[in-house]
Protein chains: 2
Amino acid sequence: MKQTRNTTAKTEILKLISQSTVALSHSEIQNNLDGLCDRVTIYRVLDRLVEEDLVHKVVNIDGGVKYASCNHKEAVHHSHNHIHFSCEECHTVTCLEDVKPSFELPKRYQVKEVNFTVSGICPECSS
Amino acid sequence: MKQTRNTTAKTEILKLISQSTVALSHSEIQNNLDGLCDRVTIYRVLDRLVEEDLVHKVVNIDGGVKYASCNHKEAVHHSHNHIHFSCEECHTVTCLEDVKPSFELPKRYQVKEVNFTVSGICPECSS
DNA sequence: TTGTTATTGCAACATTGTTGCATTTTATTT
DNA sequence: AAATAAAATGCAACAATGTTGCAATAACAA
Ligand SMILES: [Mn+2]
Ligand SMILES: [Mn+2]
Ligand SMILES: [Zn+2]
Ligand SMILES: [Zn+2]
């Protein structure tokens, strides 16, 4: 297993994602970093963070990719099988960690990964 | 309301999608059309087909976009809120029209659209 | 402090999707 | 069977997003 190093880019990107209440896209991260590093580096750091399970990748309903922090509350088991809500108005993507959908696939389908996104209007925007 | 016209491009693209058992991407469609029309036209036809609810758009777990035919079995009501299965091996995306997941969002979230994708190994590939 | 190698910057490239505009095609009307 | 209006197309140009190769740099273990 290859080792990993702590760099300022990685630290700052992880901090950004962790402190955000909503999932962030590559470009949003780039804007917030204000030239700290190259955009290619951001892609590579994000890949590493996902690989290390510090962050999870969310594919939005429009195909856009965002990143959200992993909340490793529970000790051992940790799943990303929760619903993500995408607001059509403020364009934020929120992890709804407590909402786990139930479904039953026909047998012989081996499930490995899951991506559930619901779009509409978020509580903030419905007022 | 604007009207729509039947063109060979539209006819051929709809035929391709309808005859396929799996969802097709823009590039797969382009390859199958063998130069019948420009790639921009394919994008525009696909938009129209989705608009007319003849086809539905599926965002895959990897962010790739595919198109699948709408099976308007039921008379009036017709929803796209079914699960899509994405095979990691053969890279096909299949509509599982009969599998409708159940979930309960916190109140005040107004749901408008849904995209549920599960990836893993499909029955064909698990042998 | 030094050596190893993980990480970065940069340039170049690939893929996917969009837009403007002149031209062609469809379908309706005469 | 024309003539007509506008929907649809082709083409070129552009934009957004992501990838790759490689030389230079930085992290960190020894
Ligand atoms: Mn997680
Ligand atoms: Mn449908
Ligand atoms: Zn909102
Ligand atoms: Zn398969």
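Note: hydrogens, waters and symmetry copies are ignored here, and every other heavy atom, side chains too, is used. In this text, all values refer to a predicted model and were calculated from it rather than measured experimentally.
- Residue B:Asp47 contributes atom CG, which lies 13 Å from atom C1' of D:dA8 at whole-angstrom precision.
- Distance, A:Asn60 CG to D:dT17 C1': 15 Å, rounded to whole Å.
- Atom CZ in B:Arg5 sits roughly 5 Å away from atom C1' in C:dT26 (whole-Å rounding).
- Of the listed nucleotides (D:dA7, D:dG18, C:dG17), D:dG18 has the atom at the smallest distance from the side chain of A:Tyr43.
- With rounding to the nearest 0.5 angstrom, the OG1 atom of A:Thr41 is 9.0 Å from the CG atom of A:Leu36.
- The side chain of B:Thr7 contributes no N or O atom lying less than 4.0 Å from OP1 or OP2 of D:dA8.
- Although no hydrogens or angles enter the test, the distance criterion places no donor-acceptor pair under 3.5 Å between the side chain of A:Ser20 and the main chain of A:Leu16.
- For A:Thr4, a side-chain nitrogen or oxygen approaches OP1 or OP2 of C:dT7 to under 4.0 Å.
- Within the structure, a side-chain polar atom (N or O) of A:Arg48 is placed less than 4.0 Å from OP1 or OP2 of C:dT7.
- Defined by atom type and a distance below 3.5 Å, a donor-acceptor pair is present between the side-chain atoms of A:Ser102 and B:Ser102.
- Rounded to a whole Å, the CD atom of A:Gln3 is 18 Å from the P atom of C:dG3.
- With C:dG9, D:dT9, D:dG18 as the choices, the nucleotide that has an atom nearest any side-chain atom of A:Arg44 turns out to be C:dG9.
- Closest to the B:Val65 side chain, of the nucleotides D:dA7, C:dG17, D:dT9, is C:dG17.
- At the heavy-atom level, A:Arg39 lies under 4.0 Å from base atoms of the strands shown.
- The side chain of A:Asp38 approaches C:dC10 more closely than any other nucleotide in the set D:dA5, C:dT16, C:dC10.
- Per the geometry, CD1 belonging to A:Ile42 stands 13 Å off P belonging to D:dT19, to the nearest Å.
- Between B:Val40 and B:Thr8, the residue anchored closer to the 5' end of DNA chain D is B:Thr8, taking for each the nucleotide with the nearest heavy atom.
- Between B:Lys15 and B:Glu12 a salt bridge is recorded (basic side-chain N to carboxylate O distance below 4.0 Å).
- A:Arg39 approaches A:His26 most closely through the heavy-atom pair O-NE2, 3.2 Å.
- In the set D:dA26, D:dG18, C:dA27, the nucleotide with an atom closest to the side chain of B:Asn6 is C:dA27.
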